[in-house]
Amino acid sequence: MSARKRIPTKSELVRLQKLYKTDEKIGERLGGVPAYLIAYWRRKKNVPKHSLPKFSEKEIRDLWERFGDDDKCGLELGISKAAFYNWRRRYGIREKPAFLKLEQLELNFPGLKLHPTTNSLYGKKTVSQKIMARAAQLERLEIGQTIEVEPDLIVSHSDTETIIEHFKKLGSELVWNPGRIVVSLADGLSAERPDLPAAHQKIREFVKRQGIKSFYDVSEGVGHQVALERGHIIPGAFVVGTDPYSVAYGCVSAFSSGVTVEQAAEVWATGTAKFQIPPTIRIDINGRRARGVYARDIALLIARQMAAVDVKGKTIEYYGNVVSRMSISERYTLTNLTLDAGVLTAICPFDSTTRRFLTGRISTNYAPVVADKNAEYHQIYQMNIDHLTPQLARCGEATDITPVGESEGLAVNVIILGTGSNGRFDDIRVAADILKNKRVSSDCRLIICPASRSVYLEALKKGLIRVLVEAGAIVTYPGYWGSLGQGQLMIAPGDRVLATSDCGLAQRLGSDKAEIFLCSPGTAAASALNGSITDPSRYAK
């Protein structure tokens with residue numbers, strides 16, 4: 001006799017309906033429940049059948065006349081660019097607006113009431129400038145101006161113990177807002193710090209005493225990945241973190257930047273931090289990706305081409321058809337690795353991909369931010385990837401980035417695939433697709449480190465972990481590989497290492513005399529087959 005299906009609660013049914021729409025798909029998600037039974041449960045719990053939102057011709061016409069842009073109009077209604085275009089065509093609205101509405105003018109007339117969810121267009125602002133203006137509650141901004149902002153979120157890691165010490169020195173007893181603090185012990189246990197278990201115990205006690213609910217212990221994995229998975233990062237949010245690689249949150253169109261532990265303690269105590277308005281650089285990435293080219297390769301291309309440009313302390317905003325076709329995971333890699341160039345933060349635009357990723361992860365409303373059509377950028381760059389091939393970077397050398405083909409056949413001893421930069425499900429799937437029914441070369445060791453427990457479980461459920469283990473890979477617990485001292489045990493002086501992590505982490509993991517290269521998950525997996533640097537183009541699906 002089969003086990004009786006658990007009847008989902010009303011909130012679960014509503015959430016599933018938002019994700020899967022029809023009773024048939026909801027039933028499939030629940031493990032083969034008939035559609036008529038889903039319909040029965042809905043009626044009993046007073047959950048109406050899913051229907052598309054209805055918008056009147058007046059609503060569509062008013063929005064079109066105000067913005068004249070399908071993407072921005074769609075954001076106002078919470079639908080995609082294509083969906084708004086279809087509504088516009090349904091009502092025969094085909095021509096561009098002949099006149100501008102007041103909301104589109106640069107002038108901000110006294111007493112003019114803008115649409116409640118519309119960001120002011122005063123000042124020709126970029127996405128980052130709009131987010132900073134909202135956080136500082138200012139209308140006018142100047143490049144270089146110092147502002148005081150109240151962050152929407154602050155994320156800390158195993159350095160939380162040091163933050164606690166500085167927090168106490170400020171004479172504060174309670175944090176300003178426990179609901180806006182996320183603490184992650186992502187660094188796990190370290191052979192270099194025998195006192196870390198005691199420090200973690202101190203952090204756990206502090207978190208419990210302060211009522212901080214968003215606490216993730218060592219088992220959860222990389223804090224940045226967990227914060228995204230759990231829906232703490234929303235579009236348009238101003239986020240700070242004690243790890244500089246907090247810039248990765250820009251993948252969901254949030255402004256995120258690193259702060260020192262002293263600044264973090266001040267935010268905990270007062271709820272404010274000081275920032276300078278940075279210039280914004282726009283990078284448009286267009287073209288078609290060749291087989292075997294991944295987000296890491298695109299990030300390395302940008303690093304190579306921007307090496308001669310002064311980007312330190314500036315914001316980068318990414319646009320173009322390549323970015324629009326990227327998954328959130330790929331955008332995470334792109335924004336995460338931008339930090340190595342020295343930027344303050346990096347942001348990808350909000351679109352339907354972002355909306356789909358956030359559906360079911362967050363329960364709060366959010367107001368996406370889009371740049372003004374006449375936004376003023378410090379510099380604009382156009383990049384085309386039509387002829388881009390897989391790339392390889394020598395760790396520690398910002399400009400030493402070359403095509404993988406130039407180093408083909410160079411022997412490697414250790415390959416690290418995973419951690420925060422490239423340890424998500426699709427990265428592991430790339431490796432599993434290449435290694436399926438094959439064996440890792442006996443001349444090297446392949447270490448797989450999932451970014452989070454959720455990623456590990458998903459890869460386990462889909463059979464990817466089995467494929468990798470059967471191929472001879474070593475799969476570690478989620479997080480930053482090397483936290484238990486494996487870096488010192490697995491990498492010897494003179495070893496040549498391939499890693500998909502960021503350069504800072506790779507250097508901490510390896511011996512001082514090891515030669516470390518950074519590459520994509522595809523290059524790492526293909527190289528593991530041969531025990532030497534290998535172009536993944538002929539292995540990629």
Side-chain angles (χ1 to χ4, degrees), residues 1-60 63 73-91 117 179 213-214 216 219-220 225-235 252 327-329 350-368 424-426 429 452-466:
M1 181 182 292
S2 61
R4 182 180 178 183
K5 299 286 185 184
R6 184 182 72 84
I7 300 176
T9 63
K10 181 176 181 178
S11 61
E12 288 174 334
L13 274 176
V14 171
R15 180 174 59 84
L16 286 169
Q17 195 178 63
K18 286 182 179 179
L19 285 170
Y20 301 102
K21 312 300 188 235
T22 66
D23 292 341
E24 290 78 8
K25 290 184 178 179
I26 295 173
E28 290 176 9
R29 175 64 181 81
L30 292 176
V33 178
Y36 71 83
L37 192 53
I38 300 294
Y40 173 75
W41 289 343
R42 281 195 300 97
R43 290 194 296 271
K44 294 291 286 185
K45 297 178 185 299
N46 199 27
V47 177
K49 187 176 181 179
H50 176 268
S51 61
L52 292 172
K54 303 298 181 185
F55 303 112
S56 67
E57 182 178 353
K58 184 177 183 304
E59 287 179 289
I60 299 299
L63 278 173
C73 294
L75 288 177
E76 287 290 299
L77 297 177
I79 59 179
S80 68
K81 175 181 177 180
F84 185 86
Y85 173 78
N86 289 335
W87 276 104
R88 186 162 59 80
R89 298 274 294 191
R90 176 181 295 184
Y91 292 125
T117 59
K213 302 297 183 185
S214 302
Y216 301 101
S219 62
E220 295 298 327
Q225 176 69 19
V226 174
L228 281 168
E229 289 174 348
R230 301 300 177 91
H232 294 299
I233 314 299
I234 62 175
V252 291
S327 66
I328 294 299
S329 174
F350 179 89
D351 57 15
S352 57
T353 300
T354 317
R355 184 186 297 109
R356 284 194 298 269
F357 175 81
L358 295 173
T359 301
R361 296 180 190 273
I362 61 175
S363 55
T364 58
N365 294 325
Y366 58 88
R424 281 164 296 286
F425 176 78
D426 56 353
R429 181 169 56 190
S452 70
R453 186 165 62 93
S454 296
V455 170
Y456 194 112
L457 288 171
E458 187 177 3
L460 197 64
K461 181 180 178 181
K462 298 293 176 60
L464 304 187
I465 299 298
R466 182 186 182 95

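Each residue takes its place number in the sequence, starting with 1.
Heavy-atom minimum distance, Pro235 versus Pro368: CB-CA, 4.3 Å. Among all heavy-atom pairs drawn from Val33 and Leu37, the shortest one is CG1-CD2, 3.6 Å. Heavy atoms only, all atoms of each residue included: Cys73 and Leu63 are closest at SG-O, 3.3 Å. Nearest heavy atom pair, residue Lys10 against residue Val47, reads CG-CG2, 3.8 Å. Nearest heavy atoms, Ser329 versus Arg424: OG-NE, 2.9 Å.
Annotation: cation-pi pair Arg88/Tyr91 absent, no NZ/CZ under 6.0 Å from the ring centroid and within 45° of its normal.
Glu458 places no side-chain N or O within 3.5 Å of a backbone atom of Val455 that could act as its donor or acceptor partner. With hydrogens and angles disregarded, no donor-acceptor distance shorter than 3.5 Å links the side chain of Asp426 to the backbone of Arg429. At least one donor-acceptor pair closer than 3.5 Å links the side chain of Gln17 to the backbone N or O of Pro48.
Side-chain atoms of Glu229 and Ser452 include a donor-acceptor pair closer than 3.5 Å.
The pair Arg42-Asp23 meets the salt-bridge criterion, with a side-chain N (NZ, NE, NH1 or NH2) lying under 4.0 Å from an Asp/Glu carboxylate O.
Residues passing the side chain to side chain donor-acceptor pair (under 3.5 Å) test with Ser11, sequence neighbours excluded: Thr9. Checked against ring pair (Phe, Tyr, Trp, His ring centres under 6.0 Å), Phe84 has no partners two or more places apart in sequence or in another chain.
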